[in-house]
Amino acid sequence: MCEPSQDERADTVTKRDRDEVFVEYTKSICPVCKVVLDAEVNLRDNRVYLRKTCKEHGRFEALVYSDARMWLDIQRFNEPGTIPLSTQTEALDGCPLDCGMCPEHKQHACLGIIEVNTACNLDCPLCFADSGHQPDGFSLTIDQVAGCLDAFVKAEGNPEVVMYSGGEPTIHPRILDFIRIATDKGIELVTLNTNGIRLARDQAFVDALASIDPKPRIYLQFDGLEEHTNVELRGKDLRELKQQALDRCAEAGVVVVLAAAVERGLNEHEVGDIVRFGIEHPAVRGVAFQPVTHSGRHPRFDPADRVTNSDVIHGIAEQLPQWFERSDFVPVPCCFPACRSITYAIVDGDTVIPVPRLLNVEDHIDYVTNRVMPDPQVRTDLEKLFSASAFTGSPNTDAHLDALGCSACETEPGQAVETLSDKAFMIVIQDFQDPYTLNVRQLMKCCVTEIVPDGRLIPFCAYNSVGYREQVRAQLSGVEVSNVVPNAAGLHQVLIPTRFGSKTVASTTSPNRDATNRGKGLR
C-alpha cells in the first residue's frame, strides 16, 4: 500500500482561526499565591476575558466585561491623569507591588477611604473587608485618623471627598470626632459607609450627624427589596431597618446614596426597583451599583460568569425603559473607562430626564476622537461630575450641575431648570477588581485609594486583591492574618476557611513557584 505524498498530506490538514480576538497584553496576579503574572485580554462571544497562568496553581480566566462592543467603544473616554502633589512610596518592583502611591501611578486620588475599624454589628456572608464580630481586629485612634487625613491633604492639597468605612464605622466610639476632624482639615465632603443599623435605632446619633456643618453624606448598604436578597448577602432580613434609617435621614435632612452589591443569579432583576425606590424616597439622591467584588468573604462564584458594569447598565435600561437607555450612561474618564460609569437624571414627579439628553456629553469628554476643542468650562464641569469624587448633594457637585444646566439651556446662572442640583439624581456603576480580574493597566489609573495609618495611599483594587489588606490588618491588630483566596468554584477543593470567614489554602509555596517576569508577590 502506498503512503500518501507530502503534498497529499498537506491537502488534508487545514489551518483554523482562534475562537477569540487578542486585544491586550498586561500583568495580573495569581488568585492563590498573588505572584505577578503575564496576562492577556481576549474578546470571545461579545464578552471580554482576562487570562493568566501560574506554574504552581494553573490557568485562570475571568469575565471582565459582558459587552465587548461597549468595552471597545468606551476606550476613547480616557482623560490624561493628574499628578498628585506627593507620592508615598518608590517604584522598585513594579505595579502592583509598590503601592502606594508610587511615582509610576497615572492618576491622583479622587476619593480617599479610611477604614476606622474591623468590628461590625453584622457578619455578612458577603464582605470584602472580612469584618464582623471579631475580637482580634483593630480600631483606629484619633491620632491615626488625623495622620491619614494629613497624608491625604499632603498628596491632594484640597481633597474633595473622604469616606469613613470599616467594619461598621458607626459603632466606632469616636466616629463623630473623625467626621469633624476631616471637616476641620478642609476636606469638602465626608461620607459615611454604613449598613444603617445605628441610624435606624439611634435617633440621637442621626441628630448629631445632622448638626455637623457641612452634614456628612450617607453611603447606605442597600442590596435589594426582597427578603431573599438580604438574607443571602447580609445573613438576615434588614429591610425594615433600612427603611427606618432612610426615614430618619429624611427627617434630619441628611443626604443618602444607596450602595447595592449585585451578584449573578441573585439580585440582577432588582436594579430597576432599587433605582425606582431611590427616586421615590426623599432622603435618597443617588444609587451606586457595585458588581460583587470577589475579595474577602463571599459566597462561591464562577469567575467566568460574574456580573459586570455592562450587565447593570443593560439591566437598568431593560427594567426602566420609560426612563433610561444604555446610551445615558457615560464612562468615567478619570479612572480607566471600564471601571465606572455614571448618569444623572433630572427628576420632577414622574418625569425623569437623563442629563446626557440635554447636553451631548461625548462632545466634551471623548478624548480620542474629538477634533475641535469644546467649551473648556463645560468640559471642566463634566469632568468633575463624571468623576469618582462626584456625590449628589455635595457643594462642588451641585455647583457643577447648576453650571451645566446653564450651558445646556443657554441661560444665565440661577435661571437654569430651577437649578439642576435641586432635582438631580445620580446613578453610578462601579466594578472594583479582584484577584481574578486584576489588570495592571487599569490599576495604574485607579483614583480610589485606601488611606492607611503609615501614610500610604493604596489603590483600592490593589488593597483588596494583592495582599495589602491582610498586611495592614496584621500590622494594626498584632495578629497573624491568612492570605485570602477567592471562594471560586474552580478552587473549592483546595480552600479552607479562615477564622474571619473568608477562604485560604493550606500552603502557597512549592518548588514550581512561577518565575514569570518578577515571579513574586507582595512581601
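- Smallest separation of non-hydrogen atoms from Glu226 and Glu270: N-OE1, 3.2 Å.
- Between the side chain of Glu188 and the backbone N or O of Pro159 there is no donor-acceptor pair closer than 3.5 Å.
- Scored by the ring-ring contact (aromatic ring centres under 6.0 Å, His included) test, Phe60 finds Tyr436 as partners (sequence neighbours excluded).
- By the salt bridge (Lys or Arg N to Asp or Glu O under 4.0 Å) test, Arg473 is found to be paired with no residue, residues two or more places apart in sequence or in another chain being considered.
- The structure places OG1 of Thr89 at 6.0 Å from CG of Asp98, a figure rounded to the nearest 0.5 Å.
- The side-chain contact (heavy atoms from CB on, under 4.5 Å) check on Ala39 picks up Thr26, Ser28, Leu50, Lys52, with sequence neighbours excluded.
- Here the side chain of Glu268 pairs a donor or acceptor atom with the backbone of Gly265 at under 3.5 angstrom.
- Arg306 places a side-chain N or O within 3.5 Å of a backbone atom of Leu63 that can act as its donor or acceptor partner.
- Checked by atom type and distance alone, the side chain of Asp38 never pairs as donor or acceptor with a backbone atom of Lys27 at under 3.5 Å.
- Using a distance-only test at 3.5 Å, with no hydrogens or angles considered, no donor-acceptor pair links the side chain of Asp45 to the main chain of Arg47.
- With rounding to the nearest 0.5 angstrom, the CD1 atom of Ile179 is 5.0 Å from the CD1 atom of Ile175.
- Seen from the ring of Tyr463, Arg469 does not count as a face-on cation partner, given the 6.0 Å and 45° thresholds.
- Residues that satisfy the side-chain contact (heavy atoms from CB on, under 4.5 Å) test with Arg297, not counting sequence neighbours, are Cys127, Asp130, Gln134, Ser502.
- A donor-acceptor pair is defined here as one N or O able to donate and one able to accept, closer than 3.5 Å; such a pair exists between the side chain of Asp223 and the backbone of Ala261.
- Here the side chains of Pro291 and Thr308 are not in contact, with every heavy-atom distance at 4.5 Å or above.
- Under the side-chain contact (heavy atoms from CB on, under 4.5 Å) criterion, Leu72 pairs with Leu43, not counting sequence neighbours.
- Within the 4.5 Å cutoff, the side chain of Phe205 has heavy atoms near those of the Leu176 side chain.
- Between the side chain of Gln221 and the main chain of Gly196, no donor-acceptor pair closer than 3.5 Å is present.
- Checking side-chain atoms of Glu90 against main-chain N and O of Cys102 turns up no donor-acceptor pair under 3.5 Å.
- Taking CG of Leu37 as the start and NZ of Lys55 as the end, the distance is 10.5 Å to the nearest 0.5 Å.
- Ion pairing between Arg239 and Asp237 holds under the 4.0 Å rule for side-chain N and carboxylate O.
- For Gln88 and Lys154, the side-chain atoms include no donor-acceptor pair closer than 3.5 Å.
- Between Val332 and Ser341 the shortest side-chain heavy-atom distance does not fall below 4.5 Å.
- For Lys185, the side-chain contact (heavy atoms from CB on, under 4.5 Å) partners at least two apart in sequence or on another chain are Ala146, Leu149, Asp150, Ile181.
- Residue pairs that meet the salt bridge (charged side-chain N to carboxylate O under 4.0 Å, His left out) test with at least one member in residues 477-506, sequence neighbours left out, are Asp136-Arg499.
- A salt bridge links Arg326 with Asp67: the distance from a Lys NZ or Arg NE/NH1/NH2 to an Asp or Glu carboxylate oxygen falls below 4.0 Å.
- Going from atom NZ of Lys106 over to atom CE of Met444 covers 4.5 Å, rounded to the nearest 0.5 Å.
- At distances below 3.5 Å, not a single donor-acceptor pair connects side-chain atoms of Glu156 with backbone N or O atoms of Cys110.
- Within the structure, salt bridge (charged side-chain N to carboxylate O under 4.0 Å, His left out) contacts touching residues 443-452 (residues at least two apart or in different chains) do not occur.
- Remark: aromatic rings of Phe432 and Phe128 are distant, center separation not under 6.0 Å.
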Point to revise | Worked verdict on Lys236 versus Asn230 for side chain to side chain donor-acceptor pair (under 3.5 Å) | key: CA-CA 6 Å; Lys236 58 179 63 177; Asn230 281 264; over 6 Å; no
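- Every salt bridge (Lys or Arg N to Asp or Glu O under 4.0 Å) that Arg456 has, sequence neighbours left out, goes to Asp454.
- Arg174 pairs by the salt bridge (Lys or Arg N to Asp or Glu O under 4.0 Å) definition with Asp177, not counting sequence neighbours.
- Asn195 contributes no side-chain N or O that, together with a main-chain N or O of Glu168, makes up a donor-acceptor pair within less than 3.5 Å.
- Summarising the local packing, CD1 of Ile83 is surrounded by 12 or fewer heavy atoms from other residues, nucleotides or ligands at distances under 6.0 Å.
- For Phe500, the ring-ring contact (aromatic ring centres under 6.0 Å, His included) criterion is met by no residue, not counting sequence neighbours.
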Practice item. Tell me, with the steps shown, if His298 and Asn487 meet side chain to side chain donor-acceptor pair (under 3.5 Å). Key: CA-CA 7 Å; His298 53 82; Asn487 188 15; 4.9 Å; no
**Study point:** Candidate pair His172 and Ser139, rule side chain to side chain donor-acceptor pair (under 3.5 Å), full reasoning
**Key:** CA-CA 7 Å; His172 194 294; Ser139 181; 3.0 Å; yes
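- Remark: Arg340 does not engage Asp431 in a salt bridge, criterion side-chain N to carboxylate O under 4.0 Å.
- The side-chain contact (heavy atoms from CB on, under 4.5 Å) with Ile218 is formed by just one residue from the set Thr170, Leu199, Val255, Leu258; it is Leu199.
- The side-chain hydrogen bond (donor to acceptor under 3.5 Å, both in side chains) search around Arg51 returns Glu20, Glu40, Glu61, not counting sequence neighbours.
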Practice item. Could you walk me through whether Asp434 and Ser295 pass the side chain to side chain donor-acceptor pair (under 3.5 Å) test, one step at a time? Key: CA-CA 6 Å; Asp434 60 38; Ser295 300; 5.5 Å; no
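- A donor atom on one side chain and an acceptor atom on the other are not found under 3.5 Å apart for His269 and Gln319.
- In this structure, Cys446 and His105 have side chains that are in contact, with non-hydrogen atoms separated by less than 4.5 Å.
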